[in-house]
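Structure record follows, encoded as structure tokens.
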Amino acid sequence: MQALRVLGLVALLALIVGAIGGKVAALAMLFAGLLAMLAWQLFNLQRLVEWMHAPRGVSLPAGVGIWAHVFYDLDRRSRTSADLRERLTAALDRFHEASQAMPDGVLYLSANDRIEWLNRKAEQQFGIDGRRDHGAQVTTLVREPEFVRFLQGGDHAEPLVLHSTRRAGLTLLVQVVPFGDKQKMVVSRDVSQLEKLETMRRDFIANVSHELRTPLTVVTGFLETLIDGRDDFTPEDVTHFLQLALEQSLRMQALIEDLLALSALETGAPAAVEERVDVAALVHSIAEDTRLLSNGRHEIEADIDVRAGCATLLGSEKELRSAFANLASNAVRYTPAGGRIRLSWSCADGRGEFAVEDNGIGIAADDIPRLTERFYRVDRGRSRETGGTGLGLAIVKHILSRHQAELRIASAPGEGSRFSACFPASRLESALPALRS
């Protein structure tokens, strides 16, 4: 409307000039007016173009007339668009942050399986660098035949259990979710620990079955023999068979007791009432029990630090006795006759340590990390012959954990072994008054 009014004003001026100066003057006035209008429009268009090329955030120039409305509408639309862009950017940033915080790997692929985005967990699990490998074909980076076949296959209803060939022990549960325009979201979860636990569960059931089956078979065999031929055996033979059956029954009883103890420790049973334990008396008692178990076959000594601040330990005497006795009895089992076994209690650098050293057969370095596994034995035959259940060190580990202590093992084949339980300063006598206050 404003442009029409200006055009009408120019025409009116041209008529007035034409009435005074003639047609030529009127045409000149009309042409001059139109030229001025065109120049004004071009001037404002130039200002608009300069604003469009200016850095973001520069205000629109002020306008007059219709250009004031044009500039105002453009400015309003620009601010609305900027606000929307900021909100979308913030939402995208929050989404990326949430994806980065996820415990699972997230990988976005284009229609042709090129990497569009992935979180840190996916980088770790697949060995991909998000910045360097952006836009790369994922199958050229993750060269796992199972993964490639699964990704390129059409059926993604069931997840893929992927055993990595690049990282030993890594097992991923991979799920592909199609979205958008033939894009894919790959979600990966590290199930290595779950698979390990499942394997341990299967092994545990198999081991328990085996450990119980053997003595049960022996007991059943002796009883069947006695029943079938009770008139053919002397009283001495019957007593011998019953004694052997009793030994196997006691072995099963010991195994069941250890299983119950281990189950209580692993399921987070309430800790026993803690008390001030006289370590010197405890170690002396265990040394005597060890001598009885050895029956004179070994040289056994006890070295106990009774200095002030070291003679008392805060904990459950029953549990500590079980842990220390397990370590001592293992030394007797795996040290040949004539060997030496040394039990010690000492304090140094604010920590207390109970140790059992022997000059027995020793343990290979590969076996040491697995010694605390249930039913793991370095020498199965020797352990069974001496009455071991295969659960002792597993029990020791859990008991020490409940006392914030650490089990340390040093050994070499043919050079003997040293098992030590290291307790923190907070469990020693010098820290007990502070704990009670």
Side-chain angles (χ1 to χ4, degrees), residues 163 167-171 192-215 251 254-255 258-259 261-263 265-266 286 290 293-294 297-298 300 322-344 353-403 405-423:
H163 299 275
R167 287 177 54 189
L170 175 64
T171 303
S192 307
Q193 189 63 23
L194 292 175
E195 188 171 73
K196 182 179 179 182
L197 290 173
E198 178 62 21
T199 301
M200 290 176 62
R201 185 189 67 82
R202 290 195 300 267
D203 291 345
F204 176 73
I205 293 173
N207 283 323
V208 169
S209 302
H210 177 73
E211 295 292 338
L212 289 174
R213 185 185 299 115
T214 301
R251 177 183 166 190
L255 176 61
D258 279 354
L259 282 170
L262 185 59
S263 176
L265 292 169
E266 289 184 334
I286 291 173
T290 306
L293 180 64
S294 171
R297 293 179 293 113
H298 306 91
I300 298 172
S322 173
F324 293 177
N326 259 305
L327 296 179
S329 62
N330 280 346
V332 173
R333 292 190 182 97
Y334 293 99
T335 302
R340 297 187 308 276
I341 299 174
R342 178 175 177 268
L343 281 63
S344 65
E353 180 188 71
F354 172 77
V356 178
E357 301 175 67
D358 64 63
N359 62 348
I361 60 177
I363 305 166
D366 292 342
D367 290 315
I368 290 177
R370 300 191 60 189
L371 289 178
T372 56
E373 293 181 14
R374 294 171 293 186
F375 295 112
Y376 185 82
R377 294 185 176 97
V378 176
D379 185 342
R380 291 183 176 271
R382 185 181 184 90
S383 178
R384 289 197 182 95
E385 288 173 6
T386 55
T389 63
L391 298 172
L393 288 179
I395 292 174
V396 170
K397 177 183 175 182
H398 283 285
I399 289 175
L400 295 184
S401 177
R402 286 158 70 95
H403 288 77
E406 177 186 3
L407 176 64
R408 296 178 181 176
I409 305 171
S411 185
E415 298 180 10
S417 305
R418 186 178 193 275
F419 287 75
S420 59
C422 300
F423 294 85

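For reference, positions follow the sequence shown, starting with 1. As the structure is a computational prediction, the values presented were derived from the model and not from experiment.
- Rounding to the nearest 0.5 Å places CG of Leu371 at 4.5 Å from CD1 of Ile363.
- Looking only at side-chain heavy atoms (C-beta outward), Phe419 and Leu393 come within less than 4.5 Å of each other.
- Rounded to the nearest 0.5 Å, atoms OG (Ser420) and CD (Glu406) are 8.0 Å apart.
- Summarising the geometry, atom CZ belonging to Arg370 is positioned 8.0 Å from atom CG belonging to Asp367; distances are rounded to the nearest 0.5 Å.
- Side-chain atoms of Ile409 and Ser417, non-hydrogen and from C-beta on, never get closer than 4.5 Å to each other.
- Side-chain contact between Asn359 and Ile341: absent, with no pair of heavy atoms (C-beta onward) separated by less than 4.5 Å.
- Between atom NE2 of residue His163 and atom OG of residue Ser192 there is a gap of 9.5 Å, rounded to the nearest 0.5 Å.
- For the pair Asp358 and Ala331, the tightest heavy-atom approach, listed with the atom from each and the gap, is OD2-CB, 3.8 Å.
- Ser329 approaches Leu293 most closely through the heavy-atom pair CB-CD2, 3.6 Å.
- The CD1 atom of Ile368 sits 14.0 Å away from the CZ atom of Arg408 when rounded to the nearest 0.5 Å.
- Enclosure of atom CZ in Arg418 by more than 12 non-hydrogen atoms of other residues, nucleotides or ligands within 6.0 angstrom is indicated.
- When all heavy atoms of His298 and Thr335 are compared, the pair lying nearest together is NE2-O, 2.6 Å.
- Ser401 places no side-chain N or O within donor-acceptor distance of the main-chain N or O of Lys397, the cut-off being under 3.5 Å.
- Annotation: side chain of Phe354 is in contact with side chain of Leu327 (closest heavy-atom distance under 4.5 Å).
- Looking at Thr372, its side chain never comes within 3.5 Å of a backbone N or O of Ala394 through a donor-acceptor pair.
- Nearest heavy-atom pair, Val332 versus Ser294, reported as atom, atom and distance to 0.1 Å: CG1-CA, 4.0 Å.
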